[in-house]
Amino acid sequence: MERLQKVIAHAGIASRRKAEEYILQGRVKVNGKLVTELGVQVAKGDQVEVDGVPITQEDYVYYLLNKPRGYISSVTDDKERKVVTDLIPDETRRIYPVGRLDYDTTGLLLLTNDGELANLLTHPKHEVDKVYVAKVKGIATKPDLMPLTRGVCIEGKKTAPARFDIISIDHKTGTSIVQLTIHEGRNHQVKNMLQAVGFPVQKLKREQYGPLTLKGVQTGQFRELSHKEVNQLKEQVK
Ligand code: URA
């Protein structure tokens, strides 16, 4: 069951707010009966009409993609670069990425047509942990990275405290592999945070998103989330 205004909004007819107005204005019918109050729930098979025009209820779909480098986290690109939805070619519903990964960042990206869940997941107040693994220039030590746990200033605004782990260091190439867990999603946040403590990022991969990992999904591949996984995500943003 879904709230009526959500079903109308999801059909692309109007925003949630507008859909509420339509209901209050007496423009919406469910199974032929006028509905003028908010909060009514509708089921899959219910026939919803706005101004006498039936709407089609589209199923929600949730994909976990292992994004390769060289794809834009968008649905279209004005420079005609490849976009992440190209990797899910047979999907005809209007799916879009939940947040974004940079063009050269790889790893876990969710795509869905559930705008409400997407908005909740990307809101920093919900603090969904995202785990990144970065290859950085320089030999990182714990004291070097400690400021990340208190937050660092980026473009005049302090980041929320992050957790880090040094996975390995390579003295030969003068590089380190660092894992960073954050729950915000500012633009280029991980790159900027590591740069702020003196370690420019050479490669970046997102390995986890809340309870989800890339296990079993090769680069460029995707899978649908199970009901259980979708519910776990919903639990995180309650
Ligand atoms: N932080 C970044 O710097 N880039 C990404 O793609 C994701 C997080």
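Because the structure is a prediction, the values reported are computed rather than measured. In each ligand, atom 1 is the first atom listed, and ligand 1 is the first ligand listed.
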### Query
Can an N or O of L204 be found at a distance shorter than 3.5 Å from an N or O of ligand 1?
no

### Query
Salt bridge or not for K82 and D77, using N-O below 4.0 Å?
no

#### Entry: Atoms of ligand 1 close to Y132 [distance to a heavy atom under 4.0 angstrom, numbered from 1]
7 (C), 8 (C)

### Aromatic plane relationship, Y60 with Y62 - under 30° parallel, 30 to 60° tilted, over 60° perpendicular
tilted

### Message
Test your reading of the structure: does D102 have an N or O sitting under 3.5 Å from an N or O of ligand 1?
### Response
yes

### Message
Within ligand 1, which atoms have a heavy atom of K191 less than 4.0 Å away?
### Response
2 (C), 3 (O)

### Summary
So the atoms of ligand 1 within less than 4.0 Å of a heavy atom of T105 turn out to be 4 (N), 5 (C), 6 (O)

### Query
Step by step, would you call R16 with E21 a salt bridge (charged side-chain N to carboxylate O under 4.0 Å, His left out)?
CA-CA 9 Å; R16 188 79 61 87; E21 280 175 30; over 6 Å; no

### Query
Within 45 degrees of the axis of the six-membered ring of Y103 and under 6.0 Å from its centre: does R81 put its NZ or CZ there?
yes

#### Entry: Check: H188 N/O within less than 3.5 Å of ligand 1 N/O
yes

### Message
Would R100 count as being in polar contact with ligand 1, using the rule that some N or O on each side must be under 3.5 angstrom apart?
### Response
no

### Message
Could you identify the single nearest non-hydrogen protein atom to atom 1 (N) of ligand 1 and state the distance to 0.1 Å?
### Response
V190 N, 3.0 Å

#### Entry: Sole residue of K191, K203, R69, Q202 in side chain to side chain donor-acceptor pair (under 3.5 Å) with D104
K191

### Query
Taking atom CZ of R186 as the centre, does the number of heavy atoms from other residues, nucleotides or ligands within less than 6.0 Å exceed 12?
yes

